[in-house]
Structure formats: structure tokens, C-alpha cells
2 protein chains.
Amino acid sequence: MTADIRMTDPRSTRALAPRRHGEILRRLAADGTVGITELADFFDVSRQTIRRDLKLLADRGQLDLVHGGATLFEPTEAAFTARREENADAKAAIGRAAADLVRDGMVVFLDSGTTTLAAAHALLECKNLTICTTSLSIALLMCRQSLTRVHMLGGEIDRDEEASIGVDALEAINHFRVDVAFLGGGGLSPDGEVTDFTRNGAEQRSRMVATAGKAYFLLDSSKFGRLTPLRIPRFELAAGVVVDRRPPEAICEALERKGPALIVAA
Amino acid sequence: MTADIRMTDPRSTRALAPRRHGEILRRLAADGTVGITELADFFDVSRQTIRRDLKLLADRGQLDLVHGGATLFEPTEAAFTARREENADAKAAIGRAAADLVRDGMVVFLDSGTTTLAAAHALLECKNLTICTTSLSIALLMCRQSLTRVHMLGGEIDRDEEASIGVDALEAINHFRVDVAFLGGGGLSPDGEVTDFTRNGAEQRSRMVATAGKAYFLLDSSKFGRLTPLRIPRFELAAGVVVDRRPPEAICEALERKGPALIVAA
DNA sequence: AGAAATAATTACATTATGCAACATAAACGG
DNA sequence: CCGTTTATGTTGCATAATGTAATTATTTCT
């Protein structure tokens, strides 16, 4: 994907800790997790050394230690964290598929939600993006990436989504010219519509669909056929719906009739 | 991989140190790190020589020495995370003192910065607050508290502060009626003025001082006497300055003459 | 719940690196 | 030609990083 212009392999000089640290953090940013054994093999050093590296990085607050490795450090700990675990593989696949729709230099809107957070992780690979988001976690994640500009849409923070919502956020959306928007949703109804839990959320997503160059809904398969109370107005203007596997045939057909393309992540 | 357009190999004349230095810096720019042994092999000189080269370049501020080699000199790398550890006790004390100024039900503005983050932690004890902040970490922290409403001021995110900054944030400040504002600052100058690093920051803080019912600057003792480039306009309208120990007498007197009270945290 | 497997911890051995002092050799200037 | 300067090499020892192995926790699987 990104051409590797590094002259020296991180394995080349065994004794340079910062090189390992750089590679570890890079992997962490890409994958979300690293394993001790896999790192020890890669660098050809002992597990103990990797443990010491991880401990050091953890003390600096750059990652979280877990049994057998480390994960991204996220100040995020809430109901939100639990949801992130659910269907994590599916969400990662959707995230990668979404990132394939993005080119370096684009202006990307990222909605709140765990699936869009997965997309944000995948987008760490891209350069020179301008990210525009309502999600606190996504803003925090992306602003640490040096070639990325981040705009946070302000407003009252919704406790469940950990994202801004309401009049201020709606207002702020109008200030941006967005190339691609990635949106979450509450469910994908049997008649091929993306639906939402809250009025505010539906309205916010509707505006993004209308104003973004291209808008995609990211929906993992647990959302198929789920009925939530609000339809998202102008949903049919969306460019596509990205899913982790093909939904029931009825939904596919309904979706196709309305317009948005169906994109199934590998 | 990288085409070498140089006419002379840096190894060609062993005795020319500047050639080595150029090559070292080039490698550093490409890889982020260089190893002593690998350089010694490459130039076919002793490790001690390379060590002397690196020492010289380090004294010039062109790189950072590490065990076994050198890395890019990056004063800003992980700046925020590192700062959080510094003076943690002092900041916690200031945070508690700040929280004592707050009553349940108030509308509180929290600026970005590590000291205000400490105040946010202390404010978790309070009930029914409305928090208004530019800091992503503070927003994330406070929004998990069930009896607290959080408003995030939107805008472009500053990588170092991990907080919104700029026109959108300035604009958003005007929408709020704030009871108490807790602000950070870059330094407390010898003539009793709070100063700042950036124009945007100074302007933002100035507005808060003017519009909040009461504004307090939270400054740990490492800021005493420190000179940063921008004064914060209308600083003297602030209700007080909260510190972890009494500053030099000259500063105390200057401060008193201007108006703000000096509050020393226990 | 209990056993097997995997990982973390601890303590100590080994190796690599850092540093300082001194040795060497080429370059320079009179 | 000599003495001086400058850069580099060498040596010995202190220090830091890494490896190893025994022990104790955790997880995982049944």
C-alpha cells in the first residue's frame, strides 16, 4: 500500500531500542494490537526484551499492556468500549473497505460509532487527509497522526455515542465541503432503508448525505433486518452501503432499487 | 531503492568528518534512527569516532543520542503525553483547589492543558455540572459522568494540545453563559502577567476571562517566571490565579496590584 | 472446577555500549 | 625539521541492554 522507502530494516541493528519502539507503535496504529511473540520473532530478540519495550511505552502512556501483548491506548473506557469488541473483525473489514474509497488529500467526514471508529483506524494509513468528525474518540485518534488535520464538530456530547450531537453540530456541518462521508446507522430495514435510533442522529446523517460529495453507510451484519424507529431522510442519495457480508436477497434488491450501491468488504 | 545521485561516496575519503555528518543526517531523515555499529561499519571507522560525530551533532541540536545510536530530535513528539507526568502531584493539588471553587449545578468552562485535566478529575465529584471545554480528553472524561452535561467547542484540533482552537472555538464561546472558567497558561511572567505560547490560545483565553462570571488561571510552579511570547489581553479581569506554592514575592506583589487573587493549593 | 498451556515475573548471567584516558598518525606552520 | 594541532584509534572499566532459566500468574480447554 504505502511504498516502504526506509533504507534500514527495523531488524537490522538488534540493539537499537527506538527502532523497535517506532515499529511497535506503527504496527499498533495499523492493527490496534501487537503480540509479544510475534514481535520477538520479527526483531529476533527475546520475549523479555519486547516485554521491557512494551512496559516502557506503556509507562509513557503510548499503549496499554494486555496479557500477551499490547493494545492501543484509548482514554476511552465505557459502554462504548464494550460495543467496540462486538463483531470486531467484521468492523475492521468494513473499515478497510471504507479506507479503499479514500485517496490521499481528501476531506473525510467520520460519523460517531464503533464501525466508523474502525474506519478511522484504517484511515491512519492515508496521508494528508482532513478529517471532520463528531466523535471524540476519532478526533483524539486522528489528531495524533502528523499528516492529518482534524476538525471536531462541537456541540452537546451524547453520553452513549461519546460524540457531539444537536443544533451546534448540525450547524457546523454546513461549514465544510466534504469529499467522502462515512456514516453509521442503527439498522438496515427489510425494505432496504438505513434507520436510526434518535431524531437528532437521523437528521445529522441526513444532512451529511445531502451535502457530502459521496456518502457511505457502514453497517455490520448485526444490523441486517433490525428495526429502529427513525428513517434517515434522503438516505437514497447515499453513494453506497458498506457491509461485511451480503445481506438477505430481499434487502439487496430493495437497496438496489433505491440507488445506493452495495459494497461487501472482503 | 533511493537513487544515489551523489558523485562522491561518503566513504571515499575517510578523514572528512563533514561527509560523515551529511550522510548521518540523511540516514536519520530517511529512517528516523541510526546505529553506531552500522555507521562504523559503513564508514569503516571506529565506533568511538562515530560516537564523537554523534555527540557533536547532538550538541548542535541536530539529533538525539540514544543507547546504541541516535534518533531524530523531536521536541514535540508525544509532547502532551510526556507533560502529563510532569509535576503530577502539584497539578492534582491545584485541581482540588479549583474544584473547591465550584458548586453543584454550575456551568464550568475547562480550558485545554494538563493542569485543567487534573481539575476535571477533581470535578468528577460534583453533581449536575454543565461542562464546556475545548479539550478532547476532558470531554471524553466528563461525558462518562452520568450527572454531568458536556459541551465540546468545535474547531480545528491542535495536535499538541489535543484541543480545538481557532475561529470556530472562539465563535462557540459566545454561545455560553459560564459561571466559572478554569484556564491554563504558558507562563507567569515576573511582572505578574499570565502569558501564552500562541496567538489563538491567548485570544481564546482572553475571551473567556471577559465573558465568564469568574475566571481562574491554573498554573503549577514550573510556570513561575517563565517568559512566553504573548500576553493574555484583559488578563487582569480574572478572579484569581491558582498555584501549588507561593511564587516569588515580586510576582505576588505585581499580581496583587493588577487585581487577581492568589490562591495557593494545600 | 481442574489440568494443561501460555505468559509474566524475578533474579542473575552475558553481551554490548558508553566513557575517559592515552596512543598514534597525518596535516600544518614556522 | 620540529613542535603543534587535529582527527582518529585503542584500551580498560563502568554501565546499560539483553538473554536465560526457574518460579509464579493467567488463560484456556475440557
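It should be emphasised that the depicted structure is a prediction, and the values quoted were computed from it without experimental measurement. Here is how names work: the chains are called A, B, and so on, in the same order as the sequence lines, proteins then strands, and each is numbered from 1.
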Heavy atoms only: give me the nearest [X]-[Y] pair and the separation to one decimal.
X        : Y        : value
A:Ile251 : A:Gly225 : CD1-N, 3.9 Å
B:Thr134 : B:Ser112 : OG1-N, 3.7 Å
B:Ala58  : B:Leu65  : CB-CG, 3.8 Å

Separation of [X] atom [atom1] from [N] atom [atom2], in whole Å?
X       : N      : atom1 : atom2 : answer
B:Ile50 : C:dC19 : CD1   : C1'   : 16 Å
A:Leu39 : D:dG19 : CG    : P     : 13 Å
B:Arg19 : D:dT8  : CZ    : C1'   : 17 Å
A:Lys55 : D:dT18 : NZ    : C1'   : 17 Å
B:Leu54 : D:dT8  : CG    : C1'   : 15 Å
A:Asp53 : D:dA16 : CG    : P     : 17 Å
A:Leu65 : D:dT27 : CG    : P     : 13 Å

Pair B:Asp59 + B:Lys55: basic N to acidic O under 4.0 Å: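 A salt bridge links B:Asp59 with B:Lys55.
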
Identify whether the distance between the nearest side-chain nitrogen and carboxylate oxygen of B:Glu23 and B:Arg26 falls below 4.0 Å.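 Yes, B:Glu23 and B:Arg26 are salt-bridged.
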
Residue A:Gln48, side-chain atoms from C-beta onward, closest of C:dT9, D:dG19, C:dC19: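 Of the candidates, C:dT9 comes closest.
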
Please state whether the phosphate of D:dG9, meaning OP1 or OP2, lies under 4.0 angstrom from any side-chain nitrogen or oxygen of B:Thr49.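 So the side chain of B:Thr49 is within the cut-off, an N or O lying under 4.0 Å from OP1 or OP2 of D:dG9.
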
Report the residue from B:Thr71, B:Thr33, B:Asp31 that forms a side-chain hydrogen bond (donor to acceptor under 3.5 Å, both in side chains) with A:Arg19.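 Among the candidates, only B:Thr33 passes.
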
Every protein N/O within reach of nucleotides 22-26 of chain C N/O, cut-off under 3.5 Å:
none

Do any N or O atoms of the protein come closer than 3.5 Å to N or O atoms of nucleotides 4-7 of chain C, and which pairs are they?
unit_1, atom_1, unit_2, atom_2, d
C:dA7, O4', A:His67, NE2, 3.1
C:dA7, O3', A:Gly68, N, 3.0

Is the backbone N or O of A:Lys91 less than 3.5 Å from a side-chain atom of A:Asp220, with the two atoms forming a donor-acceptor pair by type?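 It does not hold such a pair.
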
Backbone of B:His21 reached by a side-chain donor or acceptor of B:Asp53 within 3.5 Å: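 Pair absent, no side-chain N/O of B:Asp53 close to backbone of B:His21.
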
Nearest 0.5 angstrom please: B:Leu25 CG to B:Arg60 CZ, how far?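 Answer for the CG-CZ pair, B:Leu25 versus B:Arg60, is 8.0 Å.
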
CZ/A:Phe182 to CG/A:Leu123 distance, rounded to the nearest 0.5 angstrom?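 The CG atom of A:Leu123 is 6.0 Å from CZ of A:Phe182, to the nearest 0.5 Å.
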
Heavy atoms of other groups near A:Arg27 CZ, more than 12 under 6.0 Å: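 Yes, because the 6.0 Å sphere around CZ of A:Arg27 holds more than 12 heavy atoms from other groups.
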
Let me test you: for the helix from C:dA1-D:dT30 to C:dG30-D:dC1, what is the angle between the axes at its two ends (five pairs each), rounded to 10 degrees?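 Comparing the axis at each end, I get an angle of 40°.
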
